[in-house]
Protein chains: 2
Amino acid sequence: MKDLSNRAKRLRDAGYKLTNARLTVLDVLEHHSGHMTSSEILEAVATIDPNVGRASVFRTLDLLTRLAIIRPTYIDGSMTPNYVLLPDGHHHHIVCIRCNRVIEFDDCGLSALEHQLEKTYDVVISGHLLEFYALCVACQDSAQ
Amino acid sequence: MKDLSNRAKRLRDAGYKLTNARLTVLDVLEHHSGHMTSSEILEAVATIDPNVGRASVFRTLDLLTRLAIIRPTYIDGSMTPNYVLLPDGHHHHIVCIRCNRVIEFDDCGLSALEHQLEKTYDVVISGHLLEFYALCVACQDSAQ
DNA sequence: TTAGATGCAAATAGTTTGCATTTGT
DNA sequence: ACAAATGCAAACTATTTGCATCTAA
């Protein structure tokens with residue numbers, strides 16, 4: 001039995017079985033920093049364990065999204081989503097609107113806003129995603 | 001000739017032709033508050049002008065995304081993105097992780113962070129999207 | 001006038017489903 | 001033991017492409 005990551009424990013604690021398919025998908029996501037498309041995930045999973053079915057990968061991605069462990073987001077203008085882990089429930093990046101380069105950053109200082117929103121709308125917030133759209137250094141130079 | 005919305009002007013100023021297909025898509029988005037899936041957009045466009053082709057709608061959605069006029073985002077766990085207008089370049093909402101209800105809010109107080117990021121990473125920011133994931137009032141009650 | 005954009009229909013790719021079988025607890 | 005989850009392959013759906021034609025500037 002593998003030792004469990006925190007995220008695996010969250011799965012288990014939410015009442016889901018820790019199956020091979022689920023642990024493999026989590027493993028792939030946790031050993032890759034940054035964003036992954038579903039195709040990349042499918043490919044990586046197949047490399048580790050060819051027995052894991054396509055459908056289970058998608059089912060797991062849905063599940064992880066519902067548990068706010070990952071979040072799908074659009075990065076490169078294609079229809080395929082990129083999945084990002086939401087460590088500590090949040091994630092932040094800057095996407096270049098020209099070349100789609102992604103810059104990730106940590107600080108967001110949103111906890112004050114978070115508390116205010118919880119009071120105003122009577123919700124219990126578990127995470128967030130903050131995306132900025134910008135021109136990166138390189139793309140500022142090469143004039144449009 | 002219709003009178004042009006600000007967003008239409010942004011298209012024109014960026015060097016794109018103001019074609020019927022593009023103006024129709026913009027019109028649909030601007031006369032609908034909140035989020036729209038691509039299917040909803042396709043349907044609404046077809047109602048207004050059945051001559052506009054499916055492909056042009058998708059091409060326009062891509063274009064508007066690249067210009068940071070709209071932003072695709074995942075709301076309901078399906079693979080189909082929901083497009084939101086980014087008025088003044090930004091948009092904020094809270095999505096219930098249980099029932100997918102969306103609460104939109106205005107204030108985000110991110111301009112300080114925005115300026116700081118521009119300096120730190122040497123980028124020129126044109127907009128942002130901020131999503132919170134939460135349990136809404138209704139879903140807090142109906143226990144897991 | 002003419003580069004850019006379109007509409008169409010066919011091709012592609014990504015995702016979901018139904019179901020018999022397997023597996024975690 | 002047994003509900004939950006899986007793998008498979010087929011079905012679906014959303015999106016993209018190629019190209020001849022059209023049109024905004």
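Chain A is the first sequence line, chain B the second, and so forth, proteins listed ahead of strands; every chain is numbered from 1.
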Kindly give the atom pairs (protein nitrogen or oxygen, nucleotide nitrogen or oxygen) under 3.5 Å for nucleotides 5-15 of chain C.
from	atom 1	to	atom 2	distance (Å)
C:dA5	OP1	B:R22	NH1	3.1
C:dA5	OP1	B:R22	NH2	3.3
C:dA5	O5'	B:R22	NH2	3.3
C:dT6	OP1	B:T19	OG1	2.8
C:dG7	OP1	B:N51	O	3.2
C:dG7	OP2	B:G53	N	3.1
C:dG7	OP2	B:S56	OG	2.5
C:dG7	O5'	B:N51	O	3.3
C:dG7	O5'	B:G53	N	3.4
C:dG7	N7	B:R59	NH2	2.8
C:dT15	OP2	A:S38	OG	2.6

| Can you say whether the rings of A:H91 and A:H35 are parallel (under 30°), tilted (30 to 60°) or perpendicular (over 60°)? |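 The arrangement is perpendicular - the two ring planes meet at more than 60°.
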
| field | Sequence neighbours excluded - salt bridge (charged side-chain N to carboxylate O under 4.0 Å, His left out) pairs with any residue from residues 30-52 of chain A | value |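 Checked against salt bridge (charged side-chain N to carboxylate O under 4.0 Å, His left out) - neighbours excluded - the pairs reaching residues 30-52 of chain A are A:R7-A:E30.
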
With [X] via side-chain contact (heavy atoms from CB on, under 4.5 Å) - residues at least two apart:
| X | value |
| --- | --- |
| B:E131 | A:R71, A:L129, B:T73, B:H93, B:L129, B:Y133 |
| B:L67 | B:L11, B:A14, B:Y16, B:L63, B:I69 |
| A:A68 | A:S126 |

Can you tell me how far [atom2] of [N] sits from [atom1] of [X], to the nearest Å?
| X | N | atom1 | atom2 | result |
| --- | --- | --- | --- | --- |
| A:R66 | D:dA5 | CZ | C1' | 13 Å |
| A:D62 | D:dT6 | CG | C1' | 15 Å |
| A:L18 | D:dT6 | CG | P | 11 Å |
| A:L11 | C:dG24 | CG | C1' | 13 Å |
| A:L23 | C:dG24 | CG | C1' | 11 Å |

| Can you tell me how far CG of B:L85 sits from OG of B:S33, rounded to the nearest 0.5 angstrom? |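 Those atoms lie 10.0 Å apart.
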
| message | Checking the side chain of B:E114 only, and the main-chain atoms of B:G109 only, is there a donor and an acceptor separated by less than 3.5 Å? | response |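 Side chain of B:E114 to backbone of B:G109: no pair is present.
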
| Does the B:T24 side chain pair with the main chain of B:N20, one donor and one acceptor, at a distance under 3.5 Å? | yes

| query | Given axes from five pairs at either end, by how many degrees does the helix from C:dT1-D:dA25 to C:dT25-D:dA1 bend, rounded to 10°? | reply |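 Rounded value for the end-axis angle: 60°.
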
